[in-house]
**Q** 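Sending over a structure as structure tokens; questions will come in a sec.
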Amino acid sequence: MTNDLRPITLYDSRTHKKRPFEPQQPGKVKMYVCGVTVYDLTHIGHARVFIVFDVLYRFLRHLGYDVNYVRNHTDVDDKILKRAAEKGVDPLELANRFIEELDRDMGQLGIQTPTVEPKVSEHIDQIIAMNQKLVESGHAYEADGDVYYRVESFEGYGKLSKRKLEDMEAGRSGRVEESQKKEHPFDFALWKKSEDEEIGWDSPWGRGRPGWHIECSAMSMEYLGDTLDIHGGGRDLIFPHHENEIAQSEAASGQEPFANFWMHVGMVNVAETTDEGEEVVRKMSKSLGNFWTTRDVLGGYHPEAVRYFMHTTLYRNPITYAMANLEEATQRMEYLYTALQRADKVLERGGWDAADNPPPGPSVSDKYWDLVDNFADRYQEALADDLNTPKALALVGEVAKALNEATQADAEPTEKDAFTVYRLRHHLMTAGEVLGILERDPDQGLAELRELRLDAMELDPQLIDEKIAARKQARMNKDWALADAIRDELDEMGVEIMDSPEGTTWRMK
RNA sequence: GGCGGCGUAGCCAAGUGGUAAGGCACGGGCCUGCAAAGCCCUGAUUCACCGGUUCGAAUCCGGUCGCCGCCUCCA
């Protein structure tokens, strides 16, 4: 029954506190996440946000919640118009192209498709209707074909970002839009007049296009109603984007709050060396030009390694993108897949397999009884605490270690041993499903992981296989000197070999 | 100037009142023809610093220092 689903706790950045998450309708979650303005390839800051909410989406459904997850594409925006003009292409075509690129990258990362992915260009009517409502109620005003939100008309303005209009220094960031048309410097555009050559739609205020913030209000309310259970996005959207969404949405609907929980994902930082040779860690951003595209990162690292890396830090904290961290994550993925591979081999040795012919239960070795029995609960508890993925990974590591320990022996396993391995393996797989890792067959996963490094070093796997075959021959002849020489040769190529009863496997160092 | 966050072992990183998870690196051992992989053992009397509250604080309060983010492009 939906009423007795496991409760979870989430940190709400509006109230700056963790509190029990209670959807308005028991068991049904309305979640809206701000997507990307599609005028370029995504960077890994975007990827982090997508991964975080993907895990939340997976976890809620894992617990049995019914989740209505809406994540938008902003396909009408001045940055898109600018880029399209530079390239001499149609803005919507440009946007669609980058939506396709985004889908490709996020698909590779194993991001599950949200329930709805609305586009601004397909919701112009809703945006105009909301603007009309705001103008009629005095929260917005028309000025020479533009429509502006009147921030002073909304008492709660600043409640999310905890700032007061009078405390803010207009122009502090050097990005204030000069406009004589506005009544107040912080009034923001709901609708912008379009010049003839610009994209535009007819409206009560003439031909124009939506401003930046209004689309999220209009589209979230279209699909999820006046009050969202969860609204998420990157931390840098708190002000002004989410602040403005609150002002628009609450003023338009008369309902408060617009969202019960605000979740904000920490920034991805990048370490750089200054001209003085100093190491500094700064936020990755387009304007600083220090960003890595998702595409580039996936060219060098496995998608599951990228996900693992993202899970090593709490989603609210900043994370530093660095090669060493991605390499460590890669190593951990290899460790986890190796544990699964060992489990499969042990089951096979006993005449069973995990899929069609599992070992009979329910008896489990005493040593692992607690772990097998409590794992699911402990794992859920970790994630139910505001998505504590580092803790979840610690538990995953615990199961993998137990699995490795339980598969130390080369002997044929007893029924009890095999069933223990089978259960531990199952837990590891289930845990992986929620985090979006370990979704490949172990052999496949390991092959993919090493393939990226193979490519990086421009090595031919066939050559490696040949050398391993030669070494096998030498070992059968007990020509240890030759066998070791071949191994050293492989080692210099960065190839590490592992002998086991089932034969020799290898991986990239 | 305003608002917010962070500072935990060599490195990464959980823990927010009950006596410091986990990972990487390092060292020792088991296994191995030798290795690797895997397994076992090993590391903070201590959580930036100072003071306070408390039977008890990394966790709460006050102050100091350092770093970062936002203040209408930003995930």
Side-chain angles (χ1 to χ4, degrees), chain A residues 13 16 18 33-37 42-50 52 77-79 82 151 158 161-164 166-177 185-189 211-213 232-241 243-244 264-269 280-288 291 309 312-314 316-320 322 324-325 327-329 331-332 334-335 338-339 342 382 385 388-398 400-401 403-408 410 475 478 480-481 483-484 487-488 490-491 496-500 504-507 509:
Chain A
S13 46
H16 289 232
K18 270 188 202 174
V33 172
C34 289
V36 173
T37 300
T42 62
H43 61 232
I44 60 167
H46 299 119
R48 185 182 193 196
V49 172
F50 279 51
V52 166
D77 175 273
D78 286 358
K79 287 195 292 295
K82 185 167 171 256
V151 289
S161 54
K162 299 273 186 295
R163 56 188 87 193
K164 296 174 184 139
E166 56 271 28
D167 289 341
M168 286 193 283
E169 252 181 64
R172 181 74 188 184
S173 69
R175 294 184 235 145
V176 173
E177 201 175 299
F186 288 101
D187 286 353
F188 54 92
W212 174 33
H213 316 289
R235 211 177 174 71
D236 52 353
L237 293 183
I238 291 176
F239 191 89
H241 187 56
E243 194 67 74
N244 290 352
H264 291 104
V265 178
M267 297 293 96
V268 175
N269 293 145
V280 289
V281 172
R282 286 194 304 172
K283 171 187 165 181
M284 174 184 304
S285 80
K286 292 229 163 162
S287 48
L288 291 173
F291 63 93
F309 161 65
T312 59
T313 299
L314 290 176
R316 285 189 276 127
N317 293 341
I319 191 169
T320 302
N325 296 338
E327 272 159 21
E328 190 178 320
Q331 204 177 309
R332 289 298 290 169
E334 282 177 344
Y335 174 80
T338 303
R342 287 164 63 109
D385 179 16
N388 193 326
T389 51
K391 193 185 259 185
L393 286 183
L395 291 168
V396 163
E398 200 181 318
K401 185 176 276 196
L403 204 44
N404 282 331
E405 196 186 356
T407 53
Q408 285 284 77
D410 292 337
R475 291 182 77 213
K478 295 209 189 295
W480 306 124
D484 290 354
R487 187 178 59 207
D488 290 346
L490 285 164
D491 187 67
E496 226 165 38
I497 56 174
M498 284 106 52
D499 294 330
S500 82
T504 298
T505 56
W506 59 276
R507 66 170 205 177
K509 274 199 289 193

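Lettering follows sequence order; numbering is per chain, from 1. The analysis underlying the following values was restricted to heavy atoms, covering all of them including side chains, and did not include hydrogens, waters or symmetry mates.
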**Q** Determine the contact category for A/Gly234: base if any of its heavy atoms lies under 4.0 Å from a base atom, sugar-phosphate if only primed atoms, P, OP1 or OP2 are that close, otherwise nothing.
**A**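 Answer is sugar-phosphate: A/Gly234 comes under 4.0 Å of backbone atoms only.
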**Q** Starting from Watson-Crick (N1-N3 plus N6-O4 or O6-N4) and G-U wobble pairs under 3.5 Å, report the runs of at least three that RNA chain B belongs to.
**A**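 Stems for RNA chain B, defined as runs of 3 or more consecutive pairs: B:1-7 with B:65-71, B:10-12 with B:22-24, B:27-30 with B:38-41, B:48-52 with B:60-64.
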**Q** Rounded to whole angstroms, how far apart are NZ on A/Lys391 and C1' on B/rG23?
**A**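 In whole Å, B/rG23 C1' lies 16 Å from A/Lys391 NZ.
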**Q** Can you check the distance between B/rG28 and B/rC67, where both ends of the measurement are the P atom (answer in whole Å)?
**A**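 That atom pair is separated by 40 Å.
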**Q** Using a 4.0 Å heavy-atom cut-off, does A/Thr313 contact any base of the nucleic acid, only the sugar-phosphate backbone, or nothing at all?
**A**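 Sugar-phosphate contact only - A/Thr313 comes under 4.0 Å of backbone atoms but never of a base.
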**Q** Please determine whether a side-chain nitrogen or oxygen atom of A/Lys283 lies at a distance below 4.0 Å from atom OP1 or OP2 of B/rC70.
**A**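 Looking at the OP1 and OP2 atoms of B/rC70, one of them is under 4.0 Å from a side-chain N or O of A/Lys283.
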**Q** Does the pair A/Val33 and A/Val49 meet the rule for a side chain to side chain contact (heavy atoms under 4.5 Å, CB included), with working shown?
**A** CA-CA 9 Å; A/Val33 172; A/Val49 172; 4.3 Å; yes
**Q** Within the 4.0 Å heavy-atom criterion, would you say A/Phe50 contacts the bases, only the backbone, or no part of the nucleic acid?
**A**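 The residue A/Phe50 makes no contact with any strand.
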**Q** When you measure from the side-chain N and O atoms of A/Lys18 to the phosphate of B/rU16, is any distance below 4.0 Å, counting only OP1 and OP2?
**A**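 False: A/Lys18 side-chain N/O out of range (4.0 Å or more) of B/rU16 OP1/OP2.
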**Q** Please work out if A/Arg475 contacts a base, only the sugar-phosphate, or nothing of the nucleic acid, heavy-atom cut-off 4.0 Å.
**A**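 Base, at least one base atom sits under 4.0 Å.
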**Q** Base, sugar-phosphate, or nothing: which does A/Asp78 touch, judged by heavy atoms less than 4.0 Å apart?
**A**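 A/Asp78: no heavy atom of the nucleic acid under 4.0 Å.
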**Q** Taking only N and O in the side chain of A/Lys509, is any of them less than 4.0 Å away from OP1 or OP2 of B/rA36?
**A**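 Checking B/rA36 against A/Lys509, no side-chain N or O comes under 4.0 Å of OP1 or OP2.
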**Q** Would you classify A/Glu328 as touching base, sugar-phosphate or nothing, given that sugar-phosphate means primed atoms plus P, OP1 and OP2, and contacts are heavy atoms under 4.0 Å?
**A**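 Result for A/Glu328 = base.
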**Q** How long is the line joining CG of A/Asn325 and C1' of B/rA25, in whole Å?
**A**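 Taking CG of A/Asn325 and C1' of B/rA25, I get 13 Å after rounding.
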